[in-house]
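Report on the following structure.
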Amino acid sequence: MRERLEALKAEALKELEQIERTAQVQELRVKYLGKKGLLTEILRGMGKLSPEERPVIGQLGNEVRAAIESKLEEKREAAERAEVEAKLASETIDVTLPGRTVHIGNRHPLTLVTEQIEDIFLGMGFTVAEGPEVETDYYNFETLNLPKDHPARDMQDSFYITEEILLRTHTSPVQVRTMEKMKGKVPVKIICPGRVYRRDDDDATHSHVFNQVEGLMVGENVRMSDLKGVLLSFARQMFGENTQIRLRPSFFPFTEPSAEVDVSCSMCGGKGCRTCKHTGWIEILGSGMVHPRVLEMAGYDSEKYTGFAFGMGIDRIALLKYGIDDIRHFYTNDVRFLKQFNRV
């Protein structure tokens, strides 16, 4: 048995010298020192030895095990170092190379215009209010003086989910919901930006989904002149200090009196060009004094309080501001178009 142990030790140490990978260390550990390994197999024969020989062979077996384990640990450390060095060599980074340009995105033009509109009205003391895009017929139409048989509904044909649930056609429901939350308290000074839907045929100036912002102010002695002053201030901050506005009589069921609002053409300075159809003016929004019935349905005393409201398409403002000729550019996600606004 002594000869077998000596031979096993020599064989193991010779084979261990060939180790190059850490996986081989574990393989040889199992081969020589495992429960079914070669050393264990030899030592199982100690039961046949005389009592005098057992301690001697046992000590020799421990020496062989210790020698193999020592060599295994040595080769494991060497193999790990070699593998780390090889990995570092293969993953070397040349720090002298020029850096790669990181291409980052930018905000969408509609987002830029929305934020600018919000900043302008926040500067005038308004707050931003939001509401659901999926609305009830009651809030979208009826609370705005548009009963179910009103012909003006035809201009705001929307996408219906049920007879009473639809995609909102304007952000006016947010105004009503806000007034209800206020429970008759004043002042109310809000703008309501958001996405709206109408069943329009898409072309250069129309889209079935677009962005709108509406404004509302309710309080004591709120007048048409206040509305004109707010809109003039907005127009000059958005389009330039020399911008002028004009109000033309119009009709909206939820305001009385009502007015369409035009701005002087920034392209020609009001002289007349192709953009303004040679009129010198461009229509940008609708407005008016809040109809007494709308105030009353929202819980306000129309004898004591008055208010004005206005609404504009953010897409249309962006078209005018940046000189874009087709609203569909905003929704086709053409990177060549969007890159133009990197430094806006």
Side-chain angles (χ1 to χ4, degrees), residues 107-118 128-177 191-216 238 250-255 258 260-262 275 277 282-288 309-338 340-341:
R107 287 175 296 175
H108 194 278
L110 292 180
T111 301
L112 292 170
V113 172
T114 301
E115 291 178 350
Q116 185 177 0
I117 292 172
E118 290 176 350
V128 178
E130 296 180 338
E133 293 182 18
V134 179
E135 261 297 358
T136 63
D137 183 271
Y138 174 76
Y139 280 108
N140 195 79
F141 291 123
E142 293 181 37
T143 58
L144 296 166
N145 202 29
L146 280 161
K148 292 186 182 297
D149 58 351
H150 200 292
R153 283 196 180 204
D154 294 341
M155 296 184 293
Q156 296 192 20
D157 193 11
S158 182
F159 300 92
Y160 282 81
I161 299 169
T162 69
E163 289 187 3
E164 297 299 327
I165 303 296
L166 67 154
L167 299 181
R168 67 183 181 187
T169 61
H170 44 193
T171 59
S172 300
V174 182
Q175 299 180 21
V176 177
R177 289 177 178 274
I191 58 168
C192 317
R195 188 180 295 111
V196 297
Y197 307 82
R198 295 185 189 176
R199 199 173 63 83
D200 286 337
D201 294 327
D202 291 1
D203 57 29
T205 57
H206 296 86
S207 174
H208 64 281
V209 54
F210 57 99
N211 295 272
Q212 190 180 56
V213 60
E214 297 192 15
L216 172 71
M238 178 61 69
S250 185
F251 167 77
F252 302 109
F254 29 82
T255 53
S258 304
E260 300 281 1
V261 180
D262 303 333
T275 301
K277 299 179 182 178
I282 299 175
E283 178 190 331
I284 62 166
L285 59 88
S287 64
F310 58 86
M312 68 187 87
I314 296 175
D315 307 53
R316 180 162 179 76
I317 300 297
L319 289 174
L320 296 173
K321 184 174 180 63
Y322 299 126
I324 300 169
D325 61 359
D326 195 321
I327 195 174
R328 289 170 291 193
H329 290 319
F330 292 136
Y331 303 106
T332 52
N333 295 323
D334 189 327
V335 175
R336 296 170 299 176
F337 169 76
L338 297 176
Q340 299 176 76
F341 300 90

- Query: Would you say the side chains of Asp203 and His206 form a donor-acceptor pair under 3.5 Å?
  - Reply: yes

- Message: Does any part of the side chain of Leu319, heavy atoms only, come nearer than 4.5 Å to the side chain of Ile324, both counted from C-beta?
- Response: yes

- Item | For Phe251, ring pair (Phe, Tyr, Trp, His ring centres under 6.0 Å) partners two or more places apart | none

- Query: If you measure from CD on Gln212 to CE on Met312, what distance do you get to the nearest 0.5 Å?
  - Reply: 9.5 Å

- Side-chain touch Arg168/Tyr139, heavy atoms, less than 4.5 angstrom: no

- Item | Heavy-atom side-chain contact between Ile317 and Gln116 under 4.5 Å | no

- Task: Go through the steps to decide whether Val196 and Asn211 satisfy the test side chain to side chain contact (heavy atoms under 4.5 Å, CB included), and finish with yes or no.
- Result: CA-CA 6 Å; Val196 297; Asn211 295 272; over 6 Å; no

- Task: Hey, could you give me the CG/NE2 distance between Asp315 and His329, rounded to the nearest 0.5 Å?
- Result: 13.0 Å

- Item | Any side-chain heavy-atom pair of Arg199 and Phe159 under 4.5 Å | yes

- Message: Rounded to the nearest 0.5 Å, what separates atom CG in Leu146 from atom CZ in Arg153?
- Response: 6.5 Å

- Of all the heavy-atom pairs spanning Val128 and Pro193, show the shortest one and how long it is. CG1-CD, 3.7 Å

- Task: Report yes if the side chains of Thr332 and Phe337 come closer than 4.5 Å at any heavy-atom pair, otherwise no.
- Result: no

- Query: Phe310 pairs by side chain to side chain contact (heavy atoms under 4.5 Å, CB included) with which of Leu216, Thr255, Leu285?
  - Reply: Leu285

- Message: When you measure from the side chain of Glu214 to the backbone of Thr171, do you find a donor-acceptor pair of N or O atoms at a distance under 3.5 Å?
- Response: yes

- Query: Is the closest side-chain heavy-atom distance between His108 and Thr114 below 4.5 Å?
  - Reply: no

- Query: With distance as the sole test, does Arg107 use its side chain to make a donor-acceptor pair with the main-chain N or O of Leu112 at under 3.5 Å?
  - Reply: no

- Message: Could you work out, with salt bridge (charged side-chain N to carboxylate O under 4.0 Å, His left out) as the rule, every residue matching Glu135, not counting sequence neighbours?
- Response: Arg177

- Note on the structure: Of all heavy-atom pairs linking Ala318 and Val113, the shortest is CB-CG2, 3.7 Å

- Message: I'd like to check the side-chain contact (heavy atoms from CB on, under 4.5 Å) partners of Glu130; sequence neighbours left out, ordered by chain and number.
- Response: none

- Query: Considering the options Thr143, Val176, Leu144, which one meets the side chain to side chain contact (heavy atoms under 4.5 Å, CB included) requirement together with Tyr138?
  - Reply: Thr143

- Note on the structure: The ring pair (Phe, Tyr, Trp, His ring centres under 6.0 Å) partners of Phe330 (sequence neighbours excluded) come to none

- With sequence neighbours excluded, what pairs up with Ser207 under the side-chain contact (heavy atoms from CB on, under 4.5 Å) test? Asp202, Val209, Ile327, Tyr331

- Output the distance between atom CZ (Arg316) and atom CZ (Phe210), rounded to the nearest 0.5 Å. 12.0 Å

- Message: Once rounded to the nearest 0.5 Å, what's the spacing between atom NE2 of His170 and atom CZ of Phe141?
- Response: 6.0 Å

- Ser172 and Asn140, any side-chain heavy atoms less than 4.5 Å apart: no

- Query: Looking at Ser250 and Glu260, what are the two nearest heavy atoms and their distance?
  - Reply: OG-OE2, 3.3 Å

- Quick one: sort the Phe252 and Phe254 rings into parallel, tilted or perpendicular, breaks at 30° and 60°. parallel

- Message: To the closest 0.5 Å, what do you measure between CG (Leu320) and CD1 (Ile282)?
- Response: 5.0 Å

- Where do Cys192 and Gln175 come nearest, in terms of heavy atoms and distance? SG-CG, 3.9 Å

- Message: If the condition is salt bridge (charged side-chain N to carboxylate O under 4.0 Å, His left out), which residues does Asp200 pass it with, not counting sequence neighbours?
- Response: none

- Query: Side-chain contact, heavy-atom cut-off 4.5 Å: Leu166 with Asp137?
  - Reply: yes

